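Everything below concerns the one structure shown next.
Fair warning: this is a prediction, and the values are worked out from it, not measured in the lab.
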Amino acid sequence: MTHDEERWAEALAIEQIHGDGAHDWVIERITQLGADGDEAGVARFMEIIDRLDMLRQRRAVH
């Protein structure tokens, strides 16, 4: 699995688990990871939230 595929899989899993609250859940994770100084974790979840936003936009169009 490529890096990009991993992030898509994570975004889809988070969306499935958290539903409409997925975006807020990821924001909370980013905030906590930032407070902990985990730059790699912040970057990872920023990539995930980008994919969640793309999913949301695609669904709004269709």
Side-chain angles (χ1 to χ4, degrees):
M1 184 178 285
T2 67
H3 175 86
D4 189 52
E5 290 169 333
E6 278 185 19
R7 293 304 169 262
W8 276 109
E10 291 170 322
L12 289 167
I14 291 168
E15 183 182 54
Q16 185 176 18
I17 293 166
H18 297 283
D20 291 339
H23 194 271
D24 291 338
W25 185 83
V26 173
I27 293 291
E28 289 175 19
R29 289 292 298 141
I30 291 169
T31 301
Q32 185 59 54
L33 291 165
D36 293 344
D38 184 350
E39 293 178 25
V42 169
R44 174 182 167 201
F45 278 90
M46 291 297 293
E47 291 176 0
I48 292 169
I49 207 162
D50 287 343
R51 283 151 182 83
L52 285 172
D53 289 343
M54 285 186 243
L55 287 170
R56 196 184 289 179
Q57 289 172 357
R58 290 180 99 182
R59 290 188 178 122
V61 172
H62 293 106

Sequence neighbours excluded, the answer for ring-ring contact (aromatic ring centres under 6.0 Å, His included) partners of Trp8 is none

Applying ring-ring contact (aromatic ring centres under 6.0 Å, His included) to His23 and not counting sequence neighbours gives none

Handout entry: Enclosure of Glu39 CD (heavy-atom neighbours >12, cutoff 6.0 Å)
Key = no

- prompt: Is it the case that more than 12 heavy atoms not belonging to Asp4 sit under 6.0 Å from its CG atom?
  reply: yes

How long is the span from the [atom1] atom in [X] to the [atom2] atom in [Y], to the nearest 0.5 Å?
X     : Y     : atom1 : atom2 : value
Glu15 : Arg59 : CD    : CZ    : 4.0 Å
Met54 : Gln57 : CE    : CD    : 8.0 Å
Ile49 : Arg29 : CD1   : CZ    : 12.5 Å
Ile48 : Ile14 : CD1   : CD1   : 4.5 Å
Asp50 : Leu55 : CG    : CG    : 11.0 Å

| said: Check Arg44 with Glu47, please: is the shortest side-chain N to carboxylate O separation under 4.0 Å? | reply: no

Heavy-atom closest pair (Arg7 atom, Glu10 atom, distance to 0.1 Å) is NH1-OE1, 2.9 Å

Between Val42 and Ile30 the two heavy atoms that sit nearest each other are CG2-O, 3.8 Å

